[in-house]
Amino acid sequence: MSKQQAGILSIGAYVPERVVTNDDMSKIVDTSDDWIYQRTGIRERRFAGENEFTSDMALRAAQVALQRAEMKPTDIDYILLATASPDNTFPNTACWVQQGLQMGDIAALDISTACAGFVYALELGAALVNTDSYNNVLVIGAEKLSSITNFTDRGSCILFADGAGAAVVTRTEGRGTVVCSRNGARFDYDALNVAAGGSRMPASHETVEKNMHTIALKGRTVYKFAVQKFTEMAEEACSRGGIKPDDVALVIPHQANVNIIESAMKRVGIGMDRVLINIDRYGNTSSASIPIAFDEALAAGRIKRGDYILLEAFGGGLSWGYNLIRW
Ligand code: UT7
């Protein structure tokens, strides 16, 4: 492994104001608070306003992270923005953030690995710093999933939500160090996709009528895959980091379903008292879920200097990844 100087200097998060409860969802589809909570752990989620876009939420989270890093927007020399719900195909959402924060003509790149986006972006951001190519990378996960949710499908619409989180990645001299990361992907179209809107199926009256611009998922398939991947990744991260599961102070998993997380953690031998869960309040915000949860863990004093923190995620692709952090 190379010198590994890169680390997380600060985190920021933003969630929109509007709270949508399970009872609110039951007015849209045939469901109930009890079903949603038992099957997913979700009680409520946040939806962005009509004129609030993915880049707006990304920008708000980035401002908080920059302020905590005591940096100006112009101190950043690379933006990596993970999203499955970009403002546009292009300009990409990172460009919207760049101009919104007046960051100058720096590199602005969107990463499209759905819910695994933040862990992919963090690995790349750390690599850019570790190879001395760039100094200060802004790594963002931001989503307006409510704009690509099928509100006629009760099996999926109860899951998704909006929000953003950001991290400033730089040389941190042993603080927040990204010890090791691994990303992977295995093609599976049917498990999770947005079918229309690309070159394979351009927008047409038919695609709009059939709701094909929204997320389609095979819940059970993804569920089984996710339990297995979360388990494997936690074991691999510990082994590569030279630690045991008992040494992990806190796991911050992608908030897809509390039952997925509990099953995997049981297999690995990590008690739920060492796992950050906030899906009850925010639902599944895809690439934003880990940085939002990370921000909450720091605010709650759940992370101390020197702690090992494990981030892990899976998503459409299928894609997955983890980062082991030494705080
Ligand atoms: O972040 C990456 C994307 N996330 C995912 O892909 C999530 C992974 N999957 C899951 O979290 C779970 O599979 C779901 C929460 C999506 C579904 O839970 P499940 O326990 O796998 O339920 P199921 O799909 O097997 O459905 C069980 C029953 C079905 O009824 P029958 O056929 O048994 O009569 C569904 O029709 O529950 C019914 N059902 C619902 N009932 C009330 C499905 N959705 C709902 C609903 N409310 N919202």
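Both ligands and their constituent atoms are indexed starting at 1 by order of listing. What you see is a predicted model, and the numbers here were worked out from it, not measured in a lab.
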For ligand 1, list all ligand N or O to protein N or O distances below 3.5 Å, rounded to 0.1 Å.
residue	atom	partner	partner atom	Å
ligand 1	1 (O)	H254	NE2	2.8
ligand 1	1 (O)	N284	ND2	2.8
ligand 1	9 (N)	G219	O	3.0
ligand 1	11 (O)	N257	ND2	2.7
ligand 1	13 (O)	G219	O	3.2
ligand 1	20 (O)	R39	NH1	2.8
ligand 1	20 (O)	R220	NH2	3.0
ligand 1	21 (O)	R220	NE	2.7
ligand 1	21 (O)	R220	NH2	3.1
ligand 1	22 (O)	R39	NH1	3.4
ligand 1	36 (O)	R154	NH2	3.0
ligand 1	37 (O)	W35	NE1	3.4
ligand 1	41 (N)	W35	NE1	3.3
ligand 1	41 (N)	R154	NH1	3.4
ligand 1	47 (N)	T31	OG1	2.7
ligand 1	48 (N)	T31	OG1	3.1
ligand 1	48 (N)	R154	O	2.8

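Within the structure, every pair that satisfies the salt bridge (charged side-chain N to carboxylate O under 4.0 Å, His left out) test and touches residues 164-183, not counting sequence neighbours, is listed here: D132-R171, R182-E236.
When each of D33, D280, D23 is checked for a salt bridge (charged side-chain N to carboxylate O under 4.0 Å, His left out) with R43, only D33 meets the rule.
Residues satisfying the side-chain contact (heavy atoms from CB on, under 4.5 Å) test with V20, not counting sequence neighbours, are R18, D24, M25, R45, F47.
Taking the charged nitrogens against the carboxylate oxygens, D162 and R46 have no contact shorter than 4.0 Å, which rules out a salt bridge.
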Considering only distance and modelled atom types, tabulate donor-acceptor pairs under 3.5 Å from the side chains of residues 265-275, sequence neighbours left out.
residue	atom	partner	partner atom	Å
R274	NH1	P245	O	2.9
R274	NH1	V248	O	2.7

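When atom types are taken as modelled, the side chain of E143 and the backbone of S286 share no donor-acceptor pair closer than 3.5 angstrom.
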